[in-house]
Amino acid sequence: MWGGRFAEGPSAIMREINASIPFDKLLWRQDIAASKAHVAMLAACKIVSEDDAATITGGLDAVAAEYASDGVPEDWDLEDIHMTTEARLAEIVGPVAGRLHTARSRNDQVATDFRLWVRDETDALVDALTGLQRALVNRAGEHAGTIMPGFTHLQTAQPVTLGHHLMAYYEMIGRDLSRFRDARVRLNQSPLGSAALAGTGFPIDREMTAQALGFDGPTSNSLDAVSDRDFALDFLGSASQCALHLSRLAEEFVIWASQPFGFVRMPDTLSTGSSIMPQKKNPDAAELVRGHAGRIVGCQMALMMTMKGLPLAYSKDMQDDKPPVFEAAALLQLCVAAMTGMIDGADFREDRMRQAAELGYATATDLADWLVREADIPFREAHHITGAAVKLAERKSAALDELSLEELQAIDERIDERVYAALSVEASVAARNSYGGTAPEQVRARVAEARSKSGME
Ligand code: ARG
């Protein structure tokens with residue numbers, strides 16, 4: 001494709017280091033679509049004849065049909081998907097294929113293809129994440145009143161509801177969705193027609209190709225357009241943040257599924273056994289989501305490092321932009337699917353959660369709050385009195401509400417029998433009815449809002 005000025009062909013090393021076809025063949029659909037839009041525009045602008053454009057378009061459809069049925073051939077001499085497609089087109093339609101590359105360079109071509117690919121993947125992830133949100137909302141609605149211990153420092157803190165806990169992840173995924181959608185807005189401009197770096201002397205119509213490819217319009221600066229990979233970094237940034245959320249959720253499952261916790265039985269379909277220990281059922285899918293999150297963040301770092309020192313405009317380093325984006329997208333899709341399956345299929349053990357909530361003095365804050373409310377004691381003093389009650393209960397290996405009234409009154413005589421109503425875990429969660437709090441009433445309201453907002457029902 002470029003042999004004219006060379007006396008010798010590339011060495012084997014050059015061919016190998018230069019070839020991107022092993023990975024950028026993933027762009028074939030976008031490459032064909034962009035070429036068809038380009039040639040239609042060349043004809044409309046009378047840069048190629050209608051006949052030639054029709055021949056080229058038919059040829060591109062034929063190449064696409066071959067790719068769809070037989071896969072994309074990997075010939076290192078043809079470097080990348082763009083040259084591979086053009087070479088095959090030439091075999092099918094003859095020398096007229098050479099007219100396709102008028103007023104275009106691989107630099108604007110690859111920038112266009114890659115944007116289209118990232119846009120498709122963004123749309124697919126938005127769908128998948130919406131499905132995960134739906135699963136979270138369904139299970140949260142089911143468990144709006146299921147009581148479990150809430151933790152800080154992974155130490156029992158206050159009772160919460162499982163529905164509230166699951167809806168926390170609904171919120172995180174909501175922010176992830178907004179990041180992906182926001183990135184898509186910035187991405188959606190067409191580099192096509194920027195040519196190698198400076199634009200072109202041909203009378204092209206960039207609005208026309210932009211529109212044909214579903215972009216909002218053409219990019220405004222040809223140098224920027226061929227050297228910008230912000231859209232890929234935005235995607236990886238959104239993917240990393242999302243992967244961190246999935247990793248935290250996965251970690252909760254790993255903890256909850258462990259025998260000392262026993263809060264959840266994992267679906268068999270997302271667990272594995274051990275070749276030596278017959279009793280084992282391991283949460284491998286959750287662990288791999290946690291592991292994959294690290295790789296996804298690594299992909300983001302990889303592309304940031306690739307881009308950080310590149311002068312304008314295109315440099316071949318930028319060919320390395322694709323593997324981390326492809327890898328992160330595939331890993332994230334898998335992670336979202338695994339977590340959706342886990343949420344859908346988890347057997348939450350309400351008995352174990354409730355038992356755990358009753359241990360660990362989760363309602364100590366409720367005792368302190370009661371002293372403030374009913375006995376008009378300043379909170380700091382109430383905190384101290386409650387601490388003494390917990391110390392006594394711990395010494396007796398009893399729950400707070402198993403202490404007798406005499407024992408409580410020995411700590412502070414202002415306590416009376418009404419306190420027991422405040423010490424139950426039900427009373428504790430029901431009391432936290434502030435907007436966004438853990439009370440079942442609040443959880444049901446948030447679930448209803450989520451359902452009406454996204455048309456789930
Ligand atoms: N395979 C190349 C890439 O992915 C296409 C652009 C090549 N451009 C060039 N000037 N060599 O970046």
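In what follows, residues are counted from 1 in the order of the sequence shown. Whatever order the structure lists ligands and atoms in, that order sets their numbers, starting from 1.
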Run the numbers for me: atoms of ligand 1, each under 4.0 Å from some heavy atom of S20, listed by number.
-> 1 (N)
Partners meeting side-chain contact (heavy atoms from CB on, under 4.5 Å) with M304 (sequence neighbours left out) = L233, Q300, M301
Run through W117, F114, F215 and flag the one making a ring pair (Phe, Tyr, Trp, His ring centres under 6.0 Å) with F231.
-> F114
Taking the six-membered ring for Trp and the single ring otherwise, decide whether the centroids of Y169 and H245 are under 6.0 Å apart.
-> no
Ignoring hydrogens and angles, tell me if any N or O in the side chain of T85 forms a donor-acceptor pair with the backbone of H82 under 3.5 Å.
-> no
Nearest protein heavy atom to atom 8 (N) of ligand 1, by residue and atom, and its distance?
-> N107 OD1, 2.8 Å
Between R106 and E79, is there a side-chain N and carboxylate O pair less than 4.0 Å apart?
-> yes
Are more than 12 heavy atoms from other residues, nucleotides or ligands located less than 6.0 Å from atom CZ of R248?
-> no
Proximal ligand 1 atoms for Q319, defined as those under 4.0 Å from one of its heavy atoms = 1 (N), 2 (C), 3 (C), 4 (O), 12 (O)
Where ligand 1 meets D80 - atom numbers and elements under 4.0 angstrom, heavy-atom basis = 1 (N), 2 (C), 5 (C)
Note the single closest protein heavy atom to atom 3 (C) of ligand 1, along with its residue, its atom name and the distance in Å.
-> Y314 OH, 3.2 Å
Are any of the N or O atoms of H82 closer than 3.5 Å to those of ligand 1?
-> no
Is it the side chain (CB and beyond), the backbone, both or neither of K322 that lies under 4.0 Å from ligand 1, heavy atoms counted?
-> side chain
